[in-house]
Amino acid sequence: MSGQAEILHLHGPLTIKTIANVRDIIQVYLQEAAALRRSLVIDIDGNEDIDITLPQLLLSARQTAEQTGVTFALNKPADGNFLTVLQRAGLLSRDQQEDSFWLEGKAA
């Protein structure tokens with residue numbers, strides 16, 4: 001991978017009502033990142049309306065990225081509503097290595 005990253009800013013409601021559109025956008029960005037041999041960094045505004053569909057989509061996208069050789073990361077640790085959804089869904093295990101994707105963030 002080159003040192004450059006594709007950055008995808010996700011703003012607005014990130015819920016079951018919008019997740020299909022978000023999925024399509026992430027797919028395009030993943031394809032572009034793979035073609036350009038870049039990483040993909042996701043920027044999420046934690047204060048937006050977020051439900052469990054966003055973390056589910058991100059886990060799936062992360063797996064797809066790994067299969068295509070794309071480094072996939074959040075630009076900052078989960079916060080606000082996003083962090084609350086992760087906690088309520090039981091996606092934070094208190095294992096630093098497992099939780100690092102959500103809680104560390106990898107700025108571009």
Side-chain angles (χ1 to χ4, degrees):
M1 288 283 136
S2 72
Q4 297 182 346
E6 296 292 317
I7 300 174
L8 174 56
H9 302 279
L10 297 179
H11 300 285
L14 301 166
T15 64
I16 189 84
K17 293 179 182 179
T18 62
I19 208 67
N21 291 333
V22 175
R23 180 202 61 221
D24 294 344
I25 293 167
I26 288 176
Q27 285 178 336
V28 169
Y29 270 76
L30 278 171
Q31 291 170 352
E32 185 175 320
L36 297 173
R37 301 186 52 80
R38 294 182 174 177
S39 59
L40 178 56
V41 176
I42 306 294
D43 174 34
I44 299 168
D45 183 347
N47 294 317
E48 296 290 353
D49 188 15
I50 296 172
D51 69 17
I52 186 62
T53 59
L54 179 65
Q56 289 172 330
L57 175 63
L58 293 175
L59 288 171
S60 177
R62 184 178 178 204
Q63 184 175 13
T64 299
E66 287 175 7
Q67 293 170 351
T68 58
V70 173
T71 301
F72 186 83
L74 302 178
N75 74 320
K76 63 182 180 187
D79 63 355
N81 292 336
F82 187 29
L83 181 59
T84 300
V85 167
L86 293 171
Q87 291 167 333
R88 288 183 180 165
L91 291 172
L92 299 178
S93 66
R94 299 183 192 240
D95 177 291
Q96 186 176 5
Q97 187 173 3
E98 285 186 32
D99 294 345
S100 65
F101 175 72
W102 305 115
L103 300 178
E104 289 182 10
K106 305 291 183 199

- Check whether L59 and I19 end up in the same hydrophobic cluster, where Ile, Leu, Val, Met, Phe, Trp and Tyr are linked by side-chain heavy atoms less than 4.5 Å apart.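 Yes: a chain of side-chain contacts under 4.5 Å links L59 to I19.
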Extract all donor-acceptor atom pairs below 3.5 Å that involve side chains of residues 47-54 and protein atoms in other chains or at least two apart in sequence.
from	atom 1	to	atom 2	distance (Å)
E48	OE2	G12	N	3.2
D51	OD1	T53	N	2.9
D51	OD1	T53	OG1	2.4
D51	OD2	I16	N	2.9
T53	OG1	I16	N	3.4

Please enumerate all residues that pass side-chain contact (heavy atoms from CB on, under 4.5 Å) together with [X], with sequence neighbours excluded.
| X | value |
| --- | --- |
| A61 | I26, L30, F72 |
| I25 | L8, Y29 |
| Q63 | Q67 |
| D99 | L92, S93, L103 |

What I'd like to find out is whether the side chain of [X] reaches to under 4.5 Å of the side chain of [Y], using heavy atoms alone.
| X | Y | value |
| --- | --- | --- |
| L57 | L14 | no |
| D43 | H11 | yes |
| F82 | L10 | no |

- Would you say T18's side chain and T15's backbone share a donor-acceptor pair under 3.5 angstrom? yes
Hey, what do you get for [atom1] ([X]) to [atom2] ([Y]), rounding to the nearest 0.5 Å?
| X | Y | atom1 | atom2 | value |
| --- | --- | --- | --- | --- |
| I42 | F101 | CD1 | CZ | 7.5 Å |
| R62 | L58 | CZ | CG | 10.0 Å |
| Q31 | L40 | CD | CG | 11.5 Å |
| T71 | E66 | OG1 | CD | 9.0 Å |

- Could you name each residue pair satisfying salt bridge (charged side-chain N to carboxylate O under 4.0 Å, His left out) that touches residues 4-30, not counting sequence neighbours?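 Listed by first then second residue: E6-R38.
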- Query: Minimum heavy-atom separation for P55 to L91, with atom names?
  - Reply: CB-CD1, 3.5 Å
- So which heavy atom on A33 is nearest to which on S39, and how close?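 Closest approach of A33 to S39, heavy atoms only: CB-O, 4.2 Å.
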- Item | With Q56 via side-chain hydrogen bond (donor to acceptor under 3.5 Å, both in side chains) - residues at least two apart |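 Counting only residues at least two positions away or on another chain, Q56 forms no side-chain hydrogen bond (donor to acceptor under 3.5 Å, both in side chains).
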- Check salt bridge (Lys or Arg N to Asp or Glu O under 4.0 Å) between E104 and all other residues, then give those that pass, not counting sequence neighbours.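 Testing E104 for salt bridge (Lys or Arg N to Asp or Glu O under 4.0 Å), a comparison that skips the adjacent residues, returns K106.
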